[in-house]
Amino acid sequence: MLDTVILIVFTMIGVSLLLNVWRLLIGPSLPDRILALDTMYINSIALIILYGMSMGTTLYFEAALLIAMLGFVSTVAVCKYLLRGDIIE
Amino acid sequence: MELLYASCVGLLVTCGVFLILRSRTFTVVLGLTMLSYAVNLFLFSSGRLSLNKAAVLGYSSEYADPLPQALVLTAIVIGFAMTAFVVILAIRGQTDLGSDHVDGHTPNKKSTQNKKVKV
Amino acid sequence: MRLETRFKWLPAPLLSLLLFIVWLLLNNSISVGHLVLATILATVIPLVTSPFRIKQPLVIKPGLAFRHLMLVLYDIVTANVQVAILILGPTKNLTPGFVKVPLDLKYSMPITILASTVSLTPGTVSAEVYPGSESFIEGDNSEQRFLLIHVLDLKDEQALINTIKQRYEAPLKEIFAC
Amino acid sequence: MIQNLTFLPILLPMLAGVFLLMPPFGTNKKSRRFASVLLSAVTFLASLALLLKVQADGIQVYAIGDWSAPFGIVLVADPLSTLLVCLTALLGFVCALYASAGDDEKGSFFYPLLHFLILGVNGAFLTGDAFNLFVFFEVLLIASYSLLMHGGDKRNTRAALHYVILNLVGSAVFLIALAILYGVLGTLNMADMAQKVALLQGDDIYLAKIGGLLLLVVFALKGALLPLHLWLPNTYATAMPVVAALFAIMTKVGVYSMMRVYTLIFGEEAGELTHMAQSWLWWLALATIAMGAVGVLASKDLRKLVANLVIVSVGTLVALVAVQTIEASSAAIYYLVHSTLVTAALFLLADLIGRQRGETSDRITAGPPVSQPRLLGVCFLIAGIAVIGMPPLSGFIGKVWLLKATLNLEYTMVFWPLYLLASLAILLGVSKAGSTVFWNHKTKVSETLEQKRVHPSQLVALIILISGAPLMAIFAGPLSEYAIGAATQLHDFNNIKVILSGGQ
Amino acid sequence: MTEWIISILLLIGGSFVLVGSIGLVKMPDFFMRLHGPTKATTLGMASLLTAAMVFFSTTQAGVSVKEILISLFLILTAPISGYIMIKSAIHHKLESIERTKGKDNIEGDF
Amino acid sequence: MTLLWIPLLSLLGSLISSMTGKLTRNQSTGLTMLLPVTALLMTINLAPAVFSGDVIRETISWIPLLGIDIAFRLDGLALLFVFMILGIGILVIFYARYYLSSNDSMPKLYAYLLLFMTAMLGIVMSNNVIQLWFFWELTSISSFLLISYWWQKPEARKGAIMALTVTGGGGLALLAGLLLLGDIVGSYNLDIILASREIIQAHAWYEVTLILVLLGAFTKSAQFPFHFWLPHAMAAPTPVSAYLHSATMVKAGIFLLARFYPALAGTDMWFILVSLTGLTTLLFGAYVALFKHDLKGLLAYSTISHLGLITLLFGLDTKLAAVAAIFHIINHATFKASLFMATGIIDHETGTRDMRKLNGMWRFMPYTATLAMVAAAAMAGVPLLNGFLSKEMFFAETLHQQLLGSMSWLIPVFATIAGALAVAYSARFIHDVFFNGDPIGLPKQPSEPPRYMRVPIEILVALCLLVGIFPSFIIDDILTAASFAVLGGYVPEFEVALWHGFNLPLLMSAIAVGGGLLLYTQRRYLFQFQASLPSLSAKKGFDDSIYAMTKWCQRKINDIENGSLQRYLMLIFLVVLLFAGGPLFEMSQVGGQKQLTPIDVHNAMGAALLMVGAISTVIWYRKRVVSLLMISVVGLMVSVAFTRFSAPDLALTQLTVEVVTIVLLMLALFFLPQHTPRESSSMRVVRDVGISVTLGVVVASICYALITRPLESISDFFIANAKTGGGGTNVVNVILVDFRGFDTLGEICVLGIAALGIYKLLINLPLFIPAKDSEGRPWAKERYPILLASISQSLLPLALMVSFYIFLRGHNLPGGGFIAGLVTAIAFILQYIAHGSNWISERLTINYRKIIASGIAIALFTGVGSWFFGKTFMTTWYDYFDIPFIGEIELASALVFDLGVYITVVGATLMILASLGQLTTNASKKEVKN
Ligand code: NA
Ligand code: NA
C-alpha cells in the first residue's frame with residue numbers, strides 16, 4: 001500500500017512542480033517568477049524526501065536540508081536585487 | 001532512460017553553445033554555466049547510470065562508480081572558480097571598455113546602458 | 001526585561017539549548033560522545049557568532065514561551081485548512097486587503113517573531129514594518145511602529161487587528177517582558 | 001628528502017605561493033622580492049637535482065599517497081619532463097628577478113601568482129595521470145588569467161576576456177574528452193590508457209578516437225595551433241612583457257602534452273589508432289608556420305612580432321611531433337628549449353626598448369633613440385640572430401637539425417620550402433625591425449630619463465636568457481646527446497611497464 | 001498501523017503542497033498568490049517530513065528525527081521569504097485587484 | 001693545431017681591435033694588423049706542403065650525433081683564397097687607417113672587418129659542409145654590420161638589409177642543398193663529398209641539389225638576376241667595398257663554384273646554368289657600368305661583370321676554362337682592390353665620386369692618377385698587365401666550347417663585346433676623371449693624399465704589373481695548386497705567357513680594345529639611347545615588393561585576427577564538431593549492448609523541468625534576470641538528477657555552488673546592463689542555432705554510446721580499499737581526500753588563486769553604480785530590512801552547526817570539507833546581504849588572504865607530514881581510539897586535509913564576495929582586507 005501512496009504523492013508533487021514551472025514561465029511580474037522558483041525549491045525538498053522513502057535510504061536527507069537552507073538565501077538574494085540592485089552593500 | 005539522459009545533456013550543450021555564441025558577456029557567462037552543467041552530467045555519466053547505489057559502503061549491495069563522481073566534484077569546484085573569475089572579468093570589462101560586448105566595443109554605438117552615476 | 005545574561009560564556013541560553021538539540025537531531029543519537037560534542041558546540045558557536053547578534057531582549061518566561069509556541073502550531077494547522085479551502089473555493093468572492101497593525105513591540109526580534117507568526121497563521125502575510133530600518137532604533141519608544149499585513153479574505157479589519165494584538169503580540173510582550 | 005626529489009618541483013612553488021601570502025612577505029615589499037627570487041632559485045636547483053638524478057638512475061616514478069598506478073596519481077620524471085621542468089623553473093627565476101625591478105608592484109599578488117603558475121606548469125609536465133593533467137592545466141590557467149591582468153590597461157582587459165572565455169570552452173572540451181576516454185578505457189593513468197587502447201575492439205575504438213581528437217583540440221588551443229591560435233598574438237602582445245616572457249613556456253605545455261599523448265597513448269602500439277592524429281598535426285602545423293610567418297611580416301610592434309615568432313615556433317614543434325621519429329622528437333626537444341629561451345628574452349628586450357623610447361614605445365617606426373643603444377643593440381643582435389636561426393647561435397643548430405630530421409619524409413618537398421621561406425620572412429622581419437628601432441631616429445632629442453635605464457636585476461635576467469643561445473650552441477654536443485636520449489625514452493613503449501610497476 | 005499513519009500523513013502533506021501550488025497558479029494577483037506557498041506548503045512539508053520521520057524510525061534501526069530540522073528551517077524562513085517577496089512586489093508597484101481593501105495603507109517607498 | 005689558428009687569430013684580432021678604443025689610431029691599426037699578419041706568416045709557412053700536393057686537415061668533434069664537426073682543410077684552392085683574404089685584408093686595414101675620418105669609430109670598423117675575415121677564412125678552409133654554411137652565414141651577418149657602418153644614412157640601412165635578405169635567402173637555399181648533398185653521400189665531410197661525384201650525379205636529387213647550391217653561389221656572387229644588392233652595398237665605407245667586392249664576399253660565391261666543381265660540375269645542367277648565368281651577368285654588368293656617374297657605381301657593375309666572366313669560365317666545359325677562372329679570380333682581386341682604394345682616395349680628397357664633377361684630377365694628384373690608370377688598364381685587359389693574360393685565356397676558352405651546339409660561336413662574339421664594353425668603361429674611368437677639362441664645383445680642394453694611404457695601392461699595382469710581365473714566375477705554383485684542387489687532382493697543360501703568337505684570342509683582344517675606345521668616344525649617342533630607355537631601379541623594385549608584401553600580410557592578418565571572439569569560438573566549435581562528429585559516422589552502431597533501464601515518471605518529469613528551464617533560459621536571454629531564474633531551475637534539476645542517480649555528494653556540492661553562483665551573477669547583473677540589445681542578424685542566429693544543435697546532437701550521441709556500453713574500470717579498487725586503506729565509508733570522499741587527494745589539492749589552489757585574481761581585478765576599480773533599475777525605478781530606500789536582519793542573525797549559528805556536521809561526517813557519509821565550507825560561506829553571505837559589508841568587516845576582522853593561504857598550507861603540510869614517516873607525499877594515516885564514556889572515535893589525517901579544504905573554500909568564497917561587496921559600499925575608501 002505504502003508504495004502506491006508514495007507513487008500518488010509523487011504525482012501530486014510532480015503536478016505541483018509543473019504548476020510552479022507554469023507560473024514561472026507566464027510570470028507576469030518578476031516577483032511572481034521568484035515566488036514560483038521559491039515554491040519550486042520547497043517542492044523539490046518534498047520530491048527528494050519521497051525519493052529517499054521510496055528507496056528506503058536516508059542518504060539524501062542532507063540534500064533536502066540544504067535546499068531548505070539555501071533556497072531561502074537565493075530567494076532573498078534575488079529580491080534584494082530587485083529592491084536595491086546591489087545585494088551586498 | 002539512457003536516451004532521455006543523453007538528450008538532456010545534448011540539449012544543455014545546445015543551449016550553452018548558443019548562448020556562448022552571443023555577443024554580450026553576461027549571456028556568454030550564462031552559456032558557460034549551462035555548458036558546465038552539461039559537461040558535469042556527461043563526465044558523471046562516464047561511470048554509467050545507476051539507481052540507488054550510492055557509493056557509501058554499507059548502504060547497498062552494489063555501488064555506483066565513485067571515480068567519475070569524485071572527478072565531477074573537482075570539476076564543479078574548478079568550474080565555480082572559473083565562472084567567478086569570468087564574471088568579475090566581465091564587470092571589469094564593462095568598466096574598462098564602457099560596454100559589455102565581448103569585443104569591448106559595440107558594432108553600433110546605439111546600445112546605451114541605463115543611466116549611471118559615479119559612487 | 002533583560003538584554004544581557006549573567007554569564008559571559010552563555011550569551012544566549014535558548015539558542016544554546018536549540019543548538020544542543022539540533023546536534024542530537026542531526027546525528028539521531030544521544031550517545032555520550034555526541035552529548036559531549038553537542039555541549040561543546042552549543043557553547044562555542046554562540047560565543048563565536050555573538051558579534052553578529054544585535055542585543056535583543058531575552059526570554060524571561062520560558063514556560064509561557066512554550067505554551068505560546070504550542071498555540072501557534074495549533075493555529076498554523078487550522079489556518080492552513082482555512083486557506084486551503086479559500087484557495088480551492090471560488091476566488092471571485094474573496095476580498096483581499098492591506099491592514100496596518102499598530103505595534104507595541106520595540107525590538108526587532110520580537111517583531112520578527114510576531115511577523116512570522118502572522119505570516120503562518122490566519123490568511124495573513126506580513127508585508128512591511130513601518131518605519132523602515134533606516135529610522136528603526138532598537139527599543140525606542142518615541143515612534144509608533146506598524147506591521148503592514150496582506151489579508152487573503154478581509155471581513156472585519158478591526159477584529160483582525162485585535163486578534164493579532166491579543167492572541168500573538170500580548171504573549172510576546174510577556175515572554176520578553178518588554 | 002632525496003626519495004621525494006621528484007615531488008619538489010611541485011611542492012616548492014606551492015609552498016612559495018603560500019608563504020608569499022603570509023606575513024611578513026604579504027606586507028613587506030623588500031622581503032617579498034627577496035624571498036620570491038630566492039624560492040624560485042631553489043625551485044630551479046631542485047629541478048636541476050632531479051634532472052641529474054634521472055640522468056643517473058633513469059626514469060623516476062613517484063606514487064602520491066603511496067597509491068601506485070593506475071589507481072593513484074603518479075608523477076613521472078623522465079628526461080623530457082625533467083628538462084622542461086628545469087626550463088620552467090629557470091624561466092620563473094628569471095622573471096621573478098626581472099619583475100623585482102618594479103613590475104611586481106604594478107598590481108597585487110604578482111609573486112604568489114608567478115609561483116602558482118610555475119606550480120601548474122611543472123605539475124602538467126610531471127603528472128602521469130590524465131585528469132590530474134586537467135587539474136594542473138586549470139591551475140596554470142587561472143594563474144595566467146590573473147597575471148595577464150597584472151598592471152593591465154583596457155586593451156589588456158579585452159584580450160584577457162577573450163583568452164579566459166576561450167580557455168573555459170577549452171576546459172569543457174578537455175573534460176568531455178577525459179569522460180569519453182574514461183568511459184571507454186576505464187582508467188585515467190596515461191600509461192594504463194596506452195595499454196588499454198591497444199586492446200580496444202569494435203566501436204569502442206572510434207569512441208576512444210573521439211576522445212583522443214578532442215584532446216587534440218584542447219592542446220591545440222593551449223599550444224596555439226592553427227586555427228585555434230587566434231587568441232595568442234593579442235594576449236601576448238598586451239600582457240606585461242615579463243608576464244609574456246613567462247607565458248613563453250605555456251604554449252610548450254600544449255606541445256608537450258601532444259608529444260605525450262600522441263606518442264605514448266596513440267603512438268606506435270595503439271593498434272587501430274596508431275598515429276591517429278599524425279596527419280592532422282602535420283598539416284595544421286604547416287599552416288601554423290605559414291600563418292606565423294605572415295604575422296611576423298605584418299607585425300607593427302616588437303611584442304606582436306615576438307608573439308608571431310612564438311606561433312612559428314609552435315608550428316615547427318608540432319610538425320616535428322607529427323613526424324613521430326626519434327630524430328624528429330629530439331630535434332623538437334632541442335628546438336623547444338631554444339625557442340622558449342629566445343622568445344622570452346625577446347619579450348623582455350621589447351619591454352626594455354619600449355621603456356627607453358618614450359611615446360613611441362616598441363612600435364616598429366622611426367622614433368627617439370634608446371638611451372642605451374650599445375647594450376640593447378648587442379642583446380637584440382644576439383637574440384635576433386638566434387631567433388632567425390643564423391650561425392653561430394643555438395637557432396642554426398635547431399634549424400639544421402629539424403631540416404635534417406624532416407628529410408626523407410613523404411612531404412619533405414612541402415615542408416622544406418615552407419619552412420625556409422618562413423625563415424626568410426623572419427630574417428626580413430627581424431632585421432627590418434631591429435634596424436628601424438635602433439637606427440631610424442625621428443626626433444634627435446631623447447626624452448628617455450635616467451631612471452628609464454635598464455635596472456641591474458633586469459639586466460641580469462636578460463643576460464641569463466640571452467646567454468642561452470651561445471651556450472646551447474657551444475654545448476650542442478652533450479645537449480644533442482641528452483635530447484636524443486630523452487626522445488628515445490619518449491618513444492620507448494616499455495616505459496609504460498616501468499610506470500605501472502612503480503618505477504622498478 | 002504505522003503504515004496507515006505514514007500514508008495519511010503523506011497524503012495530507014502531498015495535497016497541501018498541491019493546494020499551495022494551485023493557489024500559486026489560480027489566484028488573480030501576486031499578493032493573493034503568495035498565501036498558498038507560504039502557508040499551505042509549509043504545513044504540507046511539515047506533514048510529509050513527519051511521515052518520513054515515522055517511516056525511517058520504524059523501518060530503520062534507531063529513531064530518525066532529523067527531519068524535524070527541515071521543518072524548523074522552513075518555518076523560520078518561509079515567512080521571511082514571503083515578506084521580502086511582498087516587499088519587492090510593493091517596490092515594483094504590482095497591481096492588486098480592485099476589490100482589495102486598504103490599498104492606501106501601503107506607504108510609498110520609504 | 002696551426003690550421004685552426006688561422007681563423008682563430010683573426011677572430012681574436014676582431015676582439016682585440018674592438019677594445020682599442022682608448023688607443024691612438026696608429027696603435028689601434030698596428031694591434032689590429034698584428035694577428036692577421038701572424039696568420040699570413042703561418043699560411044706562408046704551410047704553403048710549400050700544399051704546393052707539393054698534399055692536403056692539410058684538422059678536426060675537432062663538436063656535435064657528432066648530427067655529423068657536425070669543427071673540421072678544417074687546406075688545399076690549393078683554400079690556400080689561394082687564404083692568401084687573398086689575409087693579404088688584401090691587411091692592406092685594407094692599413095688603408096682604412098687613413099681613410100676613416102676622426103669621428104668614425106675605427107675599432108668598430110676593424111672589429112667588423114676582422115670578424116668578416118674570420119668568416120671568409122672559415123668558408124674557404126671548412127672540411128665540413130655544415131660548418132662551411134656556418135661561416136657562409138657569418139659573412140652575411142658581418143657584411144650586414146659593415147655595410148650599415150654609417151647607419152645614420154638611410155641608404156646604408158637599406159643597402160645592408162637588401163644584402164642580408166638576398167644573401168641570406170641564398171644561404172637558406174645553400175643549406176638545403178648541402179643537407180641534401182650530405183644525405184646523398186651519407187656524410188657532411190667535404191673530402192667524402194668531393195670524392196663521390198658519381199653517386200651525387202647519379203642521384204635523383206642531383207638537379208635539386210645543384211640548383212639549391214647554385215642559388216647560394218649566385219646570390220653571393222651577385223650574378224644576374226640577384227646582382228642588384230651589390231651596387232647598394234656601396235653605401236659602405238670604401239675600404240669595406242674594396243675588401244668585400246674585390247677579394248672576399250662576392251668571391252665566396254665563386255669559391256663555392258670552384259669548391260664543388262669536382263662534385264657537381266660536368267653535367268649539361270651545370271654547364272647550361274652556370275655558363276648562361278655567367279654570360280648574361282658579364283654583358284649586363286659591363287653595359288650598365290658604362291652609364292654610372294658614381295665612380296663606385298661603375299666599379300660595382302664592373303665587378304658584377306667580372307664575376308660573370310669568372311662564372312662563365314666555370315661554366316665552359318673545358319678544364320683550362322677552370323684554370324683561367326682561378327687565374328682571373330686573382331687578377332680581378334688585385335686590380336679591383338686597388339681601383340676601389342684609388343676611388344677612396346679621390347673621394348677622400350675631393351669629397352665627391354661623381355664623374356660629372358670630377359675632371360682633370362691628373363693635375364692635382366698625378367701620382368695617384370698613375371696608379372689608378374694602371375689598375376684601370378688592367379681591368380680593361382691591356383697587355384703587360386695581369387688582366388690581359390686572364391682575358392686572353394678567357395677568349396681562348398670561349399673558342400674551345402660547344403655549349404650551344406651550332407650556336408656556340410655566339411659565346412666568343414658576346415665575350416668580345418663584353419671585352420669592348422670593359423675597355424669602354426675603363427677608358428671612361430681614366431679619361432673622365434683624370435683629364436676631360438676642369439673639375440666642376442668640388443666640395444674640397446683636391447691634393448695628393450697622405451703618403452702611406454697610397455702604399456696598399458702601390459703594392460697591388462706592382463702585383464698587377466709583375467704578374468702581367470713575368471706571369472709564370474709569380475703565379476705558377478699557386479695557380480697549379482688551386483687548379484689541382486678544383487679539377488680534382490688533375491691539372492691540364494697550361495702556360496700563362498704574355499705572347500702566344502698571332503691568334504684568334506689576340507685578334508679578339510684587339511677588336512675589344514679598338515671597339516671599346518670607339519664606344520667611349522661615341523658615348524654621347526649611347527647615353528642618349530640609354531636615357532631614352534625607361535629607367536628601372538632594382539632598389540625601388542625591391543623596396544616596393546617588400547612594402548607590398550608587408551601590406552598584404554597586414555591585410556590578411558587583420559582579416560583573420562579580426563578580434564571577434566565569436567569568430568574564435570565558432571572556430572573551436574567547428575573543430576570540435578569535425579573531430580567528434582567524424583569518428584561517430586565510422587561507428588557501426590551508436591547504441592551499445594547494455595540493456596536499458598526503463599523511464600519512470602519522476603525521471604521524465606525531472607528531465608522535462610530541466611529542458612523547460614534550459615530552453616526558456618535561451619528564449620529569455622535578453623531579459624537577464626528572468627534567464628537567471630530559469631537557469632537556476634536547471635541547476636536545481638541537475639542536483640536533483642545527482643540524487644536520483646546515486647551521487648549525494650554531487651547533489652550537495654551542486655546545490656551549494658548553485659547558490660553562490662546565483663549570488664555572483666546577481667552582483668554581475670547589477671554592474672552590467674540588464675538587457676541584451678538585439679544585434680546578431682537573423683541569418684547569424686540561424687547559423688548559430690544550426691551549429692549548437694548539431695553539436696548538441698553529437699555530444700548526446702557520444703553520451704548515449706558511452707552509457708549504453710558495459711564498463712570495467714579501476715573503480716572496484718577504490719570500493720574495495722576505501723575502508724581498509726582510506727578509513728572511510730564514503731568512497732567518493734575517500735577518493736577526494738586520499739586516493740586522488742592530489743587533485744583536490746590542485747583544486748583548492750585553483751579556488752584560492754581565483755580569489756586572489758578576483759581581488760586583483762577589483763581592487764580600487766572605479767565602478768559606475770546604476771541609480772535606477774532597468775525599468776527606470778529608483779532603488780528602494782530601505783537597505784537592510786529589519787525582519788531579514790534579525791532572522792539571518794539567528795540562522796547563522798544553525799548554519800554553522802550544520803556545516804560542522806556535514807564536515808565531520810564527510811569521510812563516512814555524503815558531505816565533506818568543500819560542501820561544509822560553502823555552507824559556512826553562504827551563511828556569511830546571508831549576513832552580508834542582510835547587514836552589508838561594513839557591518840560585517842567591523843565584526844569579522846580577519847584577513848581572507850591569510851585564511852586562504854593557511855587553508856592551502858594545512859592541506860599541503862598534511863601531505864608533507866607523511867614524509868616524516870618515510871612515506872611519499874599525502875600518504876594518509878588513520879586509527880580508532882576508544883575513549884572512556886565517549887566511545888570509539890576515528891582520527892584520520894584525511895580529516896586534517898579536509899579541514900584545509902574547508903578553510904580555503906570559506907576564505908576564497910568570502911574574499912570574492914567581500915571584494916565585490918566592498919566595491920559599492922561607502923565611498924570612504926575603506927579597503928577590504930585582502
Ligand atoms: Na668627369
Ligand atoms: Na570532500
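Since the structure is predicted, the reported quantities are computational estimates derived from the model, not experimental observations. Order of the sequence lines fixes the chain letters, A, B, ..., with proteins taken first and strands second; residue numbering starts at 1 for each chain.
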When the 4.5 angstrom heavy-atom criterion is applied to D:V169 and chain F, the contacting part is side chain
Greatest number of non-hydrogen atom pairs under 4.5 angstrom with chain D, of F:R555, F:M874, F:E586, falls to F:E586
Under 4.5 Å to a heavy atom of chain D? For F:L178 that would be neither
When the 4.5 angstrom heavy-atom criterion is applied to D:L113 and chain F, the contacting part is side chain
Heavy atoms of F:S701 and F:V590 approach each other most closely as O-CG1, 3.4 Å
So, the part of D:L228 with a heavy atom under 4.5 Å from chain F: the answer is side chain
If one checks every heavy atom of D:F7 against chain F at 4.5 Å, the contacting part turns out to be side chain
Bottom line for D:L428: the part with an atom under 4.5 Å from chain F's heavy atoms is side chain
If one checks every heavy atom of D:A476 against chain F at 4.5 Å, the contacting part turns out to be both
When the 4.5 angstrom heavy-atom criterion is applied to D:I180 and chain F, the contacting part is both
Applying a strict 4.5 Å limit to non-hydrogen atoms, the region of D:W439 in contact with chain F is both
Most contact-rich option vs chain D, by heavy-atom pairs under 4.5 angstrom, among F:L761, F:I702, F:V575, F:D743, is F:D743
Bottom line for D:V294: the part with an atom under 4.5 Å from chain F's heavy atoms is both
Pair D:N440-F:W151, side-chain donor/acceptor within less than 3.5 Å | no
Whatever's closer than 4.5 Å to a heavy atom in chain F on D:I474 counts as backbone
So, the part of D:K399 with a heavy atom under 4.5 Å from chain F: the answer is side chain
query: Backbone N or O of F:A754 within a donor-acceptor pair of the F:Y759 side chain at under 3.5 Å?
result: no
Honestly, the part of D:L230 sitting under 4.5 Å from a heavy atom of chain F is both
Original post:
Can you say whether the rings of F:F717 and F:F739 are parallel (under 30°), tilted (30 to 60°) or perpendicular (over 60°)?
Top reply: perpendicular
Correct closest heavy-atom pair for F:T139 and F:A119 would be CG2-CB, 3.4 Å
Turns out that what part of D:L119 lies under 4.5 Å from chain F's heavy atoms comes down to side chain
Honestly, the part of D:V296 sitting under 4.5 Å from a heavy atom of chain F is neither
Scored by heavy-atom pairs under 4.5 Å with chain D, the best of F:L578, F:I856, F:I560, F:T876 is F:I560
Checked F:S588, F:G171, F:S61 vs chain D; the most non-hydrogen pairs under 4.5 Å come from F:S588
Greatest number of non-hydrogen atom pairs under 4.5 angstrom with chain D, of F:E747, F:K551, F:E712, F:R709, falls to F:R709
Please confirm whether the backbone N or O of F:R567 pairs with a side-chain atom of F:S564, one donor and one acceptor, at under 3.5 Å? yes
Across all chains, not counting sequence neighbours, the side-chain contact (heavy atoms from CB on, under 4.5 Å) partners of D:D66 are F:K871, F:T872, F:T875
Can you find a pair of side-chain heavy atoms, one from D:S146 and one from D:F109, that are under 4.5 Å apart? no
Scored by heavy-atom pairs under 4.5 Å with chain D, the best of F:I63, F:L565, F:L179, F:V750 is F:L565
